[in-house]
Protein chains: 2
Amino acid sequence: MEALKILVADDEFRIRKLVRDYLVKSGYEVLEAADGEEAMDLFYSHKDIALLVLDVMMPKLDGWKVCEEVRAVSKVPIIMLTARSEERDELKGFALGVDEYISKPFSLKVLVARISAILRRVGGTEPEEKLSYRGIEVDRTAHRVFVDGEEIELSYKEFELLCFFMENKGIALSREKILNSVWNFDYYGNARTIDTHVKKLRSKIGPKGDYIRTIWGMGYKFEGEE
Amino acid sequence: MEALKILVADDEFRIRKLVRDYLVKSGYEVLEAADGEEAMDLFYSHKDIALLVLDVMMPKLDGWKVCEEVRAVSKVPIIMLTARSEERDELKGFALGVDEYISKPFSLKVLVARISAILRRVGGTEPEEKLSYRGIEVDRTAHRVFVDGEEIELSYKEFELLCFFMENKGIALSREKILNSVWNFDYYGNARTIDTHVKKLRSKIGPKGDYIRTIWGMGYKFEGEE
DNA sequence: TGCATTTGTGTTGATTTTGTGAAAAAAAGG
DNA sequence: CCTTTTTTTCACAAAATCAACACAAATGCA
């Protein structure tokens, strides 16, 4: 299957890198633009872009302008990134045909979730709403977790963390990766906070806590083949 | 079972998006048109459209014209969307065979309710007019609610909210989702108003109030398996 | 073994989110 | 109009979560 192309336009290199890496890992192909003009250039030179992620605030041509220009010729889905502070101009956005807003800071998990939701709607594949592995069952829709058939209560972060682990069964995850995916990208705190969450998660899922393995000097891994 | 096709014609992208998303979630298939001509094109190119939702005010060919053209060849149900300001021309509408009017702004719940009511009348599937779960009984037709056999009084919004919860048993609902479904789509107020309504609802349904669970950092969920 | 580094864990204060009562605003009914 | 009801906003209280810290335990390495 062909990888879908996503154009990411943001003037902050750091954000582009984070988003790009995560999207690539999620199986998309990524084009990057550092400002609005670059975005338009890329848009015109690639005929098969599946979705655009635009920062509102960009040099040369801001997100709104890019959106407007693109909409003049195409119905490709557009996601707008807005700073939390700047009031999202819902009306303006909807008039311009913005499909979705995401406020900075966001977590990459959320961004990718929205992206795949939109692409799925436009006509693609269904992502997994229920995860399960050896006695652990996670129902994302209901936001419920069962261990050996018994429900357990998890906090928001714990839930997100568990999902992330289960989505990446058998893959060694560095603390940095975990932070970048489950936490908002503007979180510059101590990476050890992950340890605390892992601790709570392990204790809450009881005996199955062993599935979360420590990789010394590296991070964690959720047990599992593939 | 085949999903019923609904054609939605409105020049505002935002409204199309909201309506489309909600209808898709309700199990319908949706075709979209941004103006009257597009609507006619789609109508002619799809033989099995079950119902049309037409905005009165549309570029190129307005809702009345589309209605007239469609009626010349088909008896498919038609719902007209009118702006609150513009007087609905009831006579004109009935002459043209409009099945139902809905004034903007409307809530998606209402729109879908009317749609399924019409489709049922025409001879389709029977949707739930009476909801009940563990001692809570809701009669939508009569707009009455019973808790353990005793009737309780709910305001309009409270009633709608309760129905929405009961229709989505076991599904984690974000405040955004709730707003988009139960409130009119032009409501840009504080999402905390939901909290207030939840509070009143909980207190009015007494001990059963526990069924409405808070999902911290996320929203609410009505208890229930499935 | 001993040392340096990394991870596990209990605790705690700060932060965020939700609950709640009351006031303000808006709608509905006379 | 004025009254009554409903809906929304606001402010503060209560609750839950989170991040940081400190120290213990475990691990890797020489």
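Basis for what follows: all heavy atoms, side chains included, without hydrogens, waters or symmetry-related copies. Letters A, B, ... mirror the listed sequences (proteins, then strands); counts begin at 1.
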Which two nucleotides bound the region of DNA chain D that has atoms under 4.0 Å from heavy atoms of chain B, read 5' to 3'?
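Footprint of chain B along DNA chain D, 5' to 3': D:dT6 to D:dT17.
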Look at the rings of A:F222 and A:F165 and say which category their plane angle falls in: under 30° parallel, 30 to 60° tilted, over 60° perpendicular.
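Answer is parallel, since the angle falls under 30°.
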Could you encode protein contacts along nucleotides 3-12 of chain C as a string, one character per nucleotide from 5' to 3', using B for base contact, S for sugar-phosphate-only contact and - for no contact, with a heavy-atom cut-off of under 4.0 Å?
--BSBBBB--
Touch check for A:S155, heavy atoms < 4.0 angstrom, all strands: base, sugar-phosphate only, or nothing?
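Since only primed, P, OP1 and OP2 atoms lie under 4.0 Å of A:S155, the category is sugar-phosphate.
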Check the distance between [N]'s [atom2] and [X]'s [atom1] and give it to me in whole angstrom.
{"X": "B:H197", "N": "C:dA22", "atom1": "NE2", "atom2": "P", "answer": "18 Å"}
{"X": "A:K157", "N": "C:dT16", "atom1": "NZ", "atom2": "P", "answer": "11 Å"}
{"X": "B:K221", "N": "C:dT18", "atom1": "NZ", "atom2": "P", "answer": "15 Å"}

Listed by chain and number, what are the ring pair (Phe, Tyr, Trp, His ring centres under 6.0 Å) partners of A:F106, not counting sequence neighbours?
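Applying ring pair (Phe, Tyr, Trp, His ring centres under 6.0 Å) to A:F106 gives A:F185.
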Protein-nucleotides 28-30 of chain C N/O pairs under 3.5 Å:
none

Does A:E153 have any salt bridge (charged side-chain N to carboxylate O under 4.0 Å, His left out) partners at least two apart in sequence or in another chain, and if so, which?
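Counting only residues at least two positions away or on another chain, A:E153 forms a salt bridge (charged side-chain N to carboxylate O under 4.0 Å, His left out) with B:R213.
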Test: salt bridge (charged side-chain N to carboxylate O under 4.0 Å, His left out). Region: residues 193-202 of chain B. Which pairs qualify, not counting sequence neighbours?
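Those involving residues 193-202 of chain B are B:R175-B:D195, B:R192-B:D195.
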Kindly compute the distance separating CG (B:L173) from OH (B:Y220), expressed to the nearest 0.5 Å.
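Result: 11.5 Å between the selected atoms.
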How far does CD1 of A:I79 sit from CD1 of A:I118, to the nearest 0.5 angstrom?
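Here the interatomic distance stands at 4.0 Å.
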List in chain and number order the residues that pass side-chain contact (heavy atoms from CB on, under 4.5 Å) with [X], two or more places apart in sequence or in another chain; answer none if no residue qualifies.
{"X": "A:T141", "result": "A:E129, A:D139, B:I171"}
{"X": "B:A172", "result": "A:H143, B:I215, B:M218"}
{"X": "A:V147", "result": "A:I152, A:I205, A:K208"}
{"X": "B:D35", "result": "B:E37, B:E38, B:P59, B:K60"}

DNA chain D: B:K204 or A:L154, which has the more 5' nearest nucleotide?
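Result: B:K204.
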Evaluate the side chain to side chain contact (heavy atoms under 4.5 Å, CB included) criterion for residues B:L51 and B:Y28: first the C-alpha distance (whole Å), next the side-chain angles of each, then the deciding distance (0.1 Å), finally the verdict.
CA-CA 10 Å; B:L51 185 146; B:Y28 297 105; over 6 Å; no
To the nearest 10 degrees, what angle separates the axes at the start and end of the helix from C:dT1-D:dA30 to C:dG30-D:dC1, five pairs each?
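For the helix from C:dT1-D:dA30 to C:dG30-D:dC1, the axes at opposite ends meet at about 40°.
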Residues two or more places apart in sequence or in another chain: which of them pass side chain to side chain donor-acceptor pair (under 3.5 Å) with A:E137?
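If we apply the side chain to side chain donor-acceptor pair (under 3.5 Å) test to A:E137, skipping adjacent residues, there are no hits.
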Nearest heavy-atom neighbours spanning B:K204 and B:S155
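For B:K204 versus B:S155, the nearest heavy atoms are NZ-N, 4.2 Å.
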